[in-house]
Amino acid sequence: MSSKTFFCIDAHTCGNPVRLVAGGGPQLTGKNMSEKRQHFLKEFDWIRTGLMFEPRGHDMMSGSILYPPHNPENDVAVLFIETSGCLPMCGHGTIGTITIAIEEGLIQPKIPGIIRMEAPAGLVLIEYQKNGTKVESVKLKNVPSYLAGENMSVECPDLGELRFDVAYGGNFYAIIDPQENFPGLEHYTAAQLISWSQVIRKRINELYTFVHPLDPTINGCSHVLWTGTTLDESSTARNAVFYGDKAIDRSPCGTGTSARLAQWHAKGKLKVGEAFIHESFIGSKFIGRVEEEVDLNGIKAIIPSVEGWAKVFGYNTIKIDTEDPYAHGFQVI
């Protein structure tokens, strides 16, 4: 087909974009979303790059595509697409996707206020609050999350040796807390954090291996989470999450918050049920909690919850035409 049209609804979750593909998504094969993610990556990744990269998207663009659930007990299945790839799970993307889908009538939940969502990483249980026709908040109980490694080392340009932990919250995160060579994210610009992240993520994946215990297709450290002092004294912690090739998450990052909850709980810094108010680089907030402790194939893990809000702001009909030399998008860096 020389031309393909996609109907998209655009929103943002606490500042970070969410582009829901409400029409034009590809038909995928597979008995679950993990298998369908592999099908998408093999044959349809041009849709992701065409819609997420320039000139139709931008460096921070993130999106999703809705599918029918595989289990009739569930309400919806979601594929997550963004500049960094076709992700196993996306927390800010879930909050934005559910907000869009409920407000636009794309999902009819079996139980009002509750959604059972299938993601490539697993089943995600969601509660949402409405005020009239608007969704005011979305709270998701994420997939089992855990501390995958601690006190590892990598050489960072300009800063020197950095120690870091790696935790899984739907994606693998290298978490860099304040230390001798890194006093905290508040001392640096987003441009500096991005330039360092580009180098150290590559080095981390050369030095270490991270594989999900139940799904080997989920592997590798895809995100870098820098931490520092909060802007609001009432917040628990602040982060700047690097993803893609040159993006800092404008939201507090849902899977990143889940990873940090797993890290803090494993280190005895956060109890089950305690509120964890997580700030983004721009100061927007998610509320996280450790809901329960679970076993993940012999690994001590948690079920984290993340609550936030999103705002729908536009409708976007996008055409990808193969006669366009930039049909499948591009990135400058």
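Only this structure's heavy atoms are used, side chains among them; waters, hydrogens and symmetry mates stay out. Owing to the predicted nature of the structure, the values given are computational and were not obtained by experimental measurement.
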Can you check whether [Y]'s main-chain N or O pairs, donor with acceptor, with [X]'s side chain at less than 3.5 Å?
X: Glu43; Y: Phe40; answer: no
X: Ser145; Y: Val143; answer: yes
X: Thr255; Y: Cys90; answer: no
X: Tyr168; Y: Tyr146; answer: no
X: Asn219; Y: Phe210; answer: no
X: Arg163; Y: Asn151; answer: yes
X: Ser284; Y: Gly15; answer: no
X: Tyr243; Y: Met60; answer: yes
X: Glu82; Y: Met61; answer: no
X: Asn142; Y: Gly169; answer: yes

When clusters are formed by joining ILVMFWY residues with side-chain heavy atoms under 4.5 Å apart, either directly or through shared neighbours, do [X] and [Y] land in the same one?
X: Val166; Y: Val241; value: no
X: Leu225; Y: Leu87; value: no
X: Ile287; Y: Ile98; value: no
X: Val21; Y: Phe44; value: yes

Just verifying a value: how many Å separate [X] [atom1] and [Y] [atom2], rounded to the nearest 0.5 Å?
X: Arg116; Y: Asn74; atom1: CZ; atom2: CG; value: 4.5 Å
X: Ile107; Y: Ile102; atom1: CD1; atom2: CD1; value: 5.0 Å
X: Glu186; Y: Thr227; atom1: CD; atom2: OG1; value: 8.5 Å
X: Asn205; Y: Phe172; atom1: CG; atom2: CZ; value: 10.5 Å
X: Phe6; Y: Thr317; atom1: CZ; atom2: OG1; value: 12.0 Å
X: Ser64; Y: Leu20; atom1: OG; atom2: CG; value: 4.0 Å

Would you call [X] and [Y] a salt bridge, taking side-chain N to carboxylate O under 4.0 Å as the test?
X: Asp232; Y: Arg238; answer: no
X: Asp59; Y: Lys246; answer: yes
X: Glu136; Y: Lys134; answer: no
X: Lys267; Y: Asp177; answer: no

Practice prompt. Might you work through the side chain to side chain donor-acceptor pair (under 3.5 Å) test for Asn239 and Trp226, ending with a clear yes or no?
Written response: CA-CA 5 Å; Asn239 79 87; Trp226 305 84; over 6 Å; no
Which heavy-atom pair separates [X] from [Y] by the least distance, and what is that distance?
X: Ile175; Y: Ala167; value: CD1-CB, 4.0 Å
X: Ile299; Y: Pro213; value: CD1-CG, 3.8 Å
X: Ile65; Y: Gly25; value: CG2-CA, 4.1 Å
X: Leu79; Y: Cys86; value: CD1-SG, 3.5 Å
X: Ser305; Y: Leu261; value: O-CD1, 3.9 Å
X: Glu293; Y: His265; value: OE2-NE2, 2.7 Å

Worksheet item: Do Lys141 and Ile126 pass the side chain to side chain contact (heavy atoms under 4.5 Å, CB included) test, and can you show the C-alpha distance, the side-chain angles, and the key distance before you say yes or no?
Response: CA-CA 6 Å; Lys141 286 186 179 179; Ile126 297 165; over 6 Å; no
Are [X] and [Y] packed together at the side-chain level, in the sense that at least one heavy-atom pair is separated by less than 4.5 angstrom?
X: Val306; Y: Ser258; value: yes
X: Pro304; Y: Phe276; value: no
X: Cys221; Y: Tyr173; value: no

Crowded around [X] [atom1]? As in, over 12 foreign heavy atoms under 6.0 Å?
X: Tyr326; atom1: OH; answer: no
X: Glu323; atom1: CD; answer: no
X: Lys319; atom1: NZ; answer: no
X: Phe330; atom1: CZ; answer: yes

Any donor-acceptor N or O pair under 3.5 Å, side chains [X], [Y]:
X: Ser137; Y: Gln129; result: no
X: Thr257; Y: His278; result: yes
X: Thr236; Y: Trp264; result: no
X: Glu279; Y: Thr230; result: no
X: Asn16; Y: Arg250; result: no
X: His70; Y: Lys36; result: yes

Discussion item. Evaluate Ser34 against Asp215 for side chain to side chain donor-acceptor pair (under 3.5 Å), listing each step before the verdict.
Written reply: CA-CA 8 Å; Ser34 179; Asp215 188 347; 2.9 Å; yes
Discussion item. Val18 and side chain to side chain contact (heavy atoms under 4.5 Å, CB included): which single residue from Thr94, Thr13, Thr99 fits?
Written reply: Thr13
Discussion item. Using the rule side chain to side chain donor-acceptor pair (under 3.5 Å), only one of His39, Lys31, Arg37 pairs with Glu35; which is it?
Written reply: Lys31
Worksheet item: What residue among Phe281, Phe182, Phe242 forms ring-ring contact (aromatic ring centres under 6.0 Å, His included) with Tyr188?
Response: Phe182
Item to complete: Output, in order, the C-alpha distance, side-chain angles, deciding distance and verdict of side chain to side chain contact (heavy atoms under 4.5 Å, CB included) for Leu207 and Ile204.
Response: CA-CA 5 Å; Leu207 291 168; Ile204 287 169; 5.9 Å; no
Item to complete: With salt bridge (charged side-chain N to carboxylate O under 4.0 Å, His left out) as the test, would you mind laying out the steps for Arg56 and Asp324 before giving the verdict?
Response: CA-CA 12 Å; Arg56 298 163 199 83; Asp324 180 349; 2.9 Å; yes
Worksheet item: When Lys139 is tested against each of Glu127, Glu291, Glu307 for salt bridge (charged side-chain N to carboxylate O under 4.0 Å, His left out), which residue passes?
Response: Glu291
Discussion item. Go through it in stages, so that I can follow the logic: the residues are Asp165 and Leu147, the test is side chain to side chain contact (heavy atoms under 4.5 Å, CB included), and I'd like the CA-CA distance, side-chain angles, deciding distance and then a yes or no.
Written reply: CA-CA 8 Å; Asp165 296 341; Leu147 183 63; 4.0 Å; yes
Fill in: Residue pair Leu66, Thr97: steps toward the side chain to side chain contact (heavy atoms under 4.5 Å, CB included) verdict
CA-CA 9 Å; Leu66 300 182; Thr97 296; 3.7 Å; yes
